[in-house]
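Take a look at the structure set out below.
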Amino acid sequence: MTITRKNINRWFWITVLLLWLVAPMVPLFIWSFSFRWFYPSVLPTEYSLRAWEFVFSDRSGVGQALWDTSLIAVAVTFMSILIGIPAGRALGMHDFRGKRAIELLILAPTIVPGLAVALGIHVAFIRYGLSNTLLGVILVHLIPTLPYMTLVMSGIFANYQPEFEQQARSLGAGPVATLWYVMLPAIMPGVIVGGLFTFLISWSQYILTLIIGGGLVQTLPLLLFNFARNDNGFAGALSIVYIFPGVLILLLTSRYLTGEDGAVGGIGNI
């Protein structure tokens, strides 16, 4: 492997980002193993595994909450991609009357306070039987995530070259083949970046989940809030479990966050 200035810069910034993410986890990690920790002691005076034993026990509810949180985040990400790609293509590649108004409407959920949005939607969800259900939580999570996915895809399609699709069609490729072999490889970096933001936003939702889920749909943010009020050790252990998937996903997608892969550049390898 040839070491270049570009590679050095890339790994430098990845290291800085990791340190930025890991630094807040150090106190949480220490808290998760602490048994007694009183001021002015810099480190705990006694250590224990009680927090981790409780977190991984059946009575903690962490296993079910982890499953529900993952299921909700994955479903929301998948649905956001399905909606965000055509919406982003329309906004990024076409000029039409009312385009600015539509972009403003897309941004509206990120401007209006989440509590007001949740309370307004809750009334409709009660009427249609979606309140206190996993499906209702998934649908309400689309409100804060879709704007990010759509705007990311809009920026990707603004640099997209549809001429490659025309060439593929002229060579006999059908609509499905053109979509699969031409468009998707070109926009994949944007899909991954948008999916990353979507997953993390859904993963960390608290207010929307609490109101629409009604406390019956338990996710990690809800459990973490309960533990944080009662025991710092339990909160520290659960915080590590809560943060780890986001850090892992960030590591797996870091190459797409450095700007190395563009929306159009992927076509050159086809």
Handout entry: Counterpart residues, salt bridge (charged side-chain N to carboxylate O under 4.0 Å, His left out), relative to Arg100 (two or more places apart)
Key =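 In terms of salt bridge (charged side-chain N to carboxylate O under 4.0 Å, His left out), with neighbours along the sequence ignored, Arg100 is linked to Glu103.
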
Exercise for the section: List for me each residue that meets salt bridge (charged side-chain N to carboxylate O under 4.0 Å, His left out) alongside Asp95, sequence neighbours excluded, and say none if there are none. Expected result: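 Asp95 satisfies salt bridge (charged side-chain N to carboxylate O under 4.0 Å, His left out) with Lys99 only.
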
Problem - Summary of salt bridge (Lys or Arg N to Asp or Glu O under 4.0 Å) pairs that have at least one residue in residues 169-197, sequence neighbours excluded - result: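 Non-adjacent pairs meeting salt bridge (Lys or Arg N to Asp or Glu O under 4.0 Å): zero.
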
Exercise for the section: Only pairs at least two apart or in different chains count here, so list each salt bridge (Lys or Arg N to Asp or Glu O under 4.0 Å) that has a residue in residues 140-167. Expected result: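 Residue pairs passing salt bridge (Lys or Arg N to Asp or Glu O under 4.0 Å), neighbours aside: Arg89-Glu165.
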
Problem - Lys NZ or Arg CZ of Arg50 over Phe234 ring: under 6.0 Å, within 45° - result: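 Ring-cation test returns yes.
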
Point-to-point distance, once rounded to the nearest 0.5 Å, from [atom1] of [X] to [atom2] of [Y]:
X: Trp203; Y: Thr198; atom1: CH2; atom2: OG1; result: 15.0 Å
X: Leu220; Y: Thr209; atom1: CG; atom2: OG1; result: 10.5 Å
X: Leu151; Y: Leu146; atom1: CG; atom2: CG; result: 10.0 Å
X: Tyr242; Y: Leu223; atom1: OH; atom2: CG; result: 11.5 Å
X: Leu135; Y: Ile72; atom1: CG; atom2: CD1; result: 10.5 Å
X: Met153; Y: Met93; atom1: CE; atom2: CE; result: 11.5 Å

Closest non-hydrogen atom pair between [X] and [Y], with its separation:
X: Ser204; Y: Leu200; value: OG-O, 2.9 Å
X: Ser239; Y: Leu224; value: OG-CD1, 3.3 Å
X: Pro185; Y: Tyr181; value: CG-O, 3.5 Å
X: Gly190; Y: Met149; value: O-CE, 4.5 Å

Practice task
Give me the other members of the hydrophobic cluster that Leu216 sits in, counting Ile, Leu, Val, Met, Phe, Trp and Tyr linked by side-chain heavy atoms under 4.5 Å, directly or via other members.
Solution key: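 Besides Leu216, the cluster holds no residue at all.
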
Practice task
List, by chain and number, the other hydrophobic cluster members for Leu91, where Ile, Leu, Val, Met, Phe, Trp and Tyr join if side-chain heavy atoms come within less than 4.5 Å, directly or indirectly.
Solution key: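 Under the 4.5 Å side-chain rule, Leu91 groups with Phe96, Ile102, Ile106.
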
Could I get the full list of side chain to side chain donor-acceptor pair (under 3.5 Å) partners for [X], not counting sequence neighbours?
X: Thr219; result: none
X: Ser202; result: His141
X: Gln64; result: Asp68
X: Gln218; result: none

Exercise for the section: Using the side-chain contact (heavy atoms from CB on, under 4.5 Å) rule, take Trp52 and Ile240 through it: C-alpha gap first, then chi angles, then the decisive distance, then the call. Expected result: CA-CA 10 Å; Trp52 288 103; Ile240 301 297; 3.8 Å; yes

Assigning hydrophobic clusters by single linkage (Ile, Leu, Val, Met, Phe, Trp, Tyr; side-chain heavy-atom cutoff under 4.5 Å), is [X] placed with [Y]?
X: Val191; Y: Phe164; answer: yes
X: Ile201; Y: Val140; answer: no
X: Trp180; Y: Val182; answer: yes
X: Leu142; Y: Leu71; answer: yes

If we only count heavy atoms from C-beta on, is the [X] to [Y] side-chain gap below 4.5 Å?
X: Phe33; Y: Leu49; value: yes
X: Ser70; Y: Leu66; value: yes
X: Leu208; Y: Val137; value: no
X: Ile138; Y: Thr133; value: no
X: Pro144; Y: Gln205; value: yes

If you look only at distance, which donor and acceptor atoms sit under 3.5 Å apart when one is on a side chain in residues 118-130 and the other is two or more places apart or in another chain?
| from | atom 1 | to | atom 2 | distance (Å) |
| --- | --- | --- | --- | --- |
| His122 | NE2 | Ser131 | OG | 3.0 |
| His122 | NE2 | Ile211 | O | 3.4 |

Could you list the donor-acceptor pairs under 3.5 angstrom formed by side chains in residues 80-88, with sequence neighbours left out?
| from | atom 1 | to | atom 2 | distance (Å) |
| --- | --- | --- | --- | --- |
| Ser80 | OG | Val76 | O | 2.8 |
| Ser80 | OG | Thr145 | OG1 | 3.4 |

Problem - Within 6.0 Å of OH in Tyr206, more than 12 heavy atoms from elsewhere - result: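 Yes - once you tally the heavy atoms of other residues, nucleotides and ligands closer than 6.0 Å, there are more than 12.
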
Exercise for the section: On the 0 to 90° scale, with breaks at 30° and 60°, tag the Tyr160-Phe157 ring pair as parallel, tilted or perpendicular. Expected result: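 Perpendicular.
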
Practice task
Using atom types as modelled and distance alone, determine if a side-chain donor or acceptor of Ser154 lies under 3.5 Å from a backbone N or O of Thr150.
Solution key: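 Side chain of Ser154 to backbone of Thr150: no pair is present.
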
